[in-house]
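Below: the structure, in structure tokens.
Values below: every heavy atom of this structure, side chains too, minus hydrogens, waters and symmetry copies.
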Amino acid sequence: MKKFIYLVAFALVFVNYSCASLGALFGGNGICNCNCEACVNCKNHKHVLTNEELAKLQDQQKQKTEEEARRKAELDSLLNMDYTIVHYDIPDDPQPYAWEENEEITSPLDSLESLFKKTALSNGEIEYIYNGINTNYRENDTYMYFTVKDGVPGPLRFVVHYFADDPVDFYTLKFKLDRFEYEFTPKNIQHSTEDIYFSERFDEALTKESRDFAAGLAKCRYANILLKSNKVSHRLYISQKQLDRFRETYKLYRLMGGKIED
């Protein structure tokens, strides 16, 4: 009887070993396709993938391949870049932007004029304001505009609208145009309140003493304006869109013969 038990035990061990070995030999990658109950104990037994699981695995492999291709393309792009050192001629003593009396503007007049809204005023003047500007004082903004009468431009005007639930009570403006600093003090800042909101604004003609920052706004790459107050000052960061408006307004004004001499 003991011999019989030993033989049965030996047979079971042999079956376990055979399933694992045959699965590894013929099933590939340790996947056992045998249905015998002993396979649950196979050393290299793995779950046989369903069609859904196989598709998911293939999708993951595809994503991995695409990611590797993308990284290789990025590396090739970096390796093929021109790393030649470019030398720039930078003036030893850069000068601030300034209004030039005989500045030459090369932009076509027709192309510039198409960017502006032209409004006929009751006094016979035509007002030129860049398209899309909301002139309502409740719109926080800053811009330049001008009027033309009998083909002659009047003064170039500078506008700032501040509208918020906290007052600033600013009295002067400090400009930072690229590395250069300017200052402008408006003569007539209007103040008003509406419910919980405070409005501080001005619309002022530039003079010979204040025209340089207009040229700077038209030529600089970045700018900000500090509304200087005796309480808490407020900084206006000028967007690229606003700089483009300043630039095109300045060009059209100069191209039409606009001058600031007084």
Side-chain angles (χ1 to χ4, degrees), residues 96-163 170 172-178 180 182-190 199-225 227 236 238-262:
Y97 300 113
W99 185 280
E100 300 175 23
E101 291 291 352
N102 299 312
E103 183 174 354
E104 182 180 356
I105 307 296
T106 59
S107 301
L109 179 62
D110 292 343
S111 298
L112 287 173
E113 278 197 296
S114 66
L115 302 174
F116 288 78
K117 176 184 178 182
K118 295 179 280 292
T119 304
L121 305 180
S122 58
N123 60 0
E125 295 180 338
I126 298 178
E127 184 181 70
Y128 283 74
I129 293 183
Y130 198 93
N131 288 330
I133 289 180
N134 186 344
T135 59
N136 191 301
Y137 67 86
R138 297 182 185 87
E139 181 77 10
N140 284 286
D141 207 350
T142 176
Y143 58 92
M144 294 188 293
Y145 77 99
F146 60 93
T147 59
V148 176
K149 188 172 184 178
D150 298 328
V152 180
L156 183 61
R157 304 189 69 87
F158 181 61
V159 177
V160 168
H161 290 163
Y162 173 80
F163 189 79
F170 67 89
T172 192
L173 284 71
K174 292 184 177 294
F175 296 82
K176 187 66 178 293
L177 311 180
D178 291 339
F180 306 113
Y182 300 80
E183 187 169 340
F184 172 64
T185 301
K187 296 178 180 178
N188 183 25
I189 303 175
Q190 299 181 49
S199 172
E200 302 174 38
R201 59 194 184 274
F202 66 84
D203 178 342
E204 199 151 311
L206 300 181
T207 65
K208 191 173 182 178
E209 288 71 31
S210 61
R211 64 186 182 177
D212 286 346
F213 79 81
L217 283 170
K219 299 175 183 180
C220 68
R221 293 171 297 172
Y222 60 87
N224 65 71
I225 304 173
L227 305 180
L236 302 176
I238 308 303
S239 67
Q240 186 59 54
K241 180 179 179 180
Q242 289 173 311
L243 286 178
D244 290 341
R245 295 185 328 200
F246 282 128
R247 185 173 298 111
E248 305 304 337
T249 303
Y250 175 86
K251 286 182 179 180
L252 180 61
Y253 183 73
R254 300 302 305 268
L255 199 59
M256 295 180 70
K259 296 181 180 180
I260 302 179
E261 298 176 335
D262 296 335

The side-chain contact (heavy atoms from CB on, under 4.5 Å) partners of Asn224 (sequence neighbours excluded) come to Lys176, Arg235, Tyr237

Contacts of Glu183 that satisfy side-chain contact (heavy atoms from CB on, under 4.5 Å) - sequence neighbours left out
Thr172, Lys174, Thr185

Salt bridge (charged side-chain N to carboxylate O under 4.0 Å, His left out) involving Glu101 - partner list, sequence neighbours excluded
Arg211

Going by the rule side-chain contact (heavy atoms from CB on, under 4.5 Å), which residues pair with Glu104 if we only count those two or more places apart in sequence or in a different chain?
Thr106

Dump the intermediate steps for ring pair (Phe, Tyr, Trp, His ring centres under 6.0 Å) on Phe175 and Phe184, then the final yes or no.
CA-CA 8 Å; Phe175 296 82; Phe184 172 64; 7.0 Å; no

Between Lys241 and Asp244, does any side-chain N to carboxylate O distance fall below 4.0 Å?
no

Using the salt bridge (charged side-chain N to carboxylate O under 4.0 Å, His left out) criterion, which residues pair with Asp141? Sequence neighbours excluded.
Arg245

Who passes salt bridge (charged side-chain N to carboxylate O under 4.0 Å, His left out) against Glu139, sequence neighbours left out?
none

Between the side chains of Glu103 and Tyr250, does any donor sit under 3.5 Å from an acceptor?
yes

Restricting to side chain to side chain donor-acceptor pair (under 3.5 Å), what partner residues turn up for Ser210, sequence neighbours left out?
Thr207

Determine whether Leu173 and Val160 satisfy the following criterion, side-chain contact (heavy atoms from CB on, under 4.5 Å), listing intermediate values before the conclusion.
CA-CA 10 Å; Leu173 284 71; Val160 168; 4.0 Å; yes

Would the number of heavy atoms belonging to other residues, nucleotides or ligands and lying under 6.0 Å from CG of Asn136 be above 12?
yes

Just to verify, what does Tyr137 make a ring pair (Phe, Tyr, Trp, His ring centres under 6.0 Å) with, not counting sequence neighbours?
none

Partners passing ring pair (Phe, Tyr, Trp, His ring centres under 6.0 Å) against Tyr182 (at least two apart in sequence or in another chain):
none

Assign the ring pair Tyr97 / Phe180 to parallel, tilted or perpendicular, where the plane angle (0 to 90°) is split at 30° and 60°.
perpendicular

Sorted by chain and residue number, the salt bridge (charged side-chain N to carboxylate O under 4.0 Å, His left out) partners of Arg157 (sequence neighbours excluded) come out as Asp203

Student check: side-chain heavy atoms of Tyr162 and Leu227 closer than 4.5 Å:
yes

Looking at residues at least two apart in the chain, or sitting in another chain, which of them share a side chain to side chain donor-acceptor pair (under 3.5 Å) with Lys259?
none

What side-chain donor-acceptor pairs closer than 3.5 Å can you find for residues 113-120, not counting sequence neighbours?
{"from": "Glu113", "atom 1": "OE2", "to": "Tyr128", "atom 2": "OH", "distance (Å)": "3.3"}
{"from": "Ser114", "atom 1": "OG", "to": "Ser111", "atom 2": "O", "distance (Å)": "2.7"}
{"from": "Lys118", "atom 1": "NZ", "to": "Glu113", "atom 2": "O", "distance (Å)": "3.4"}

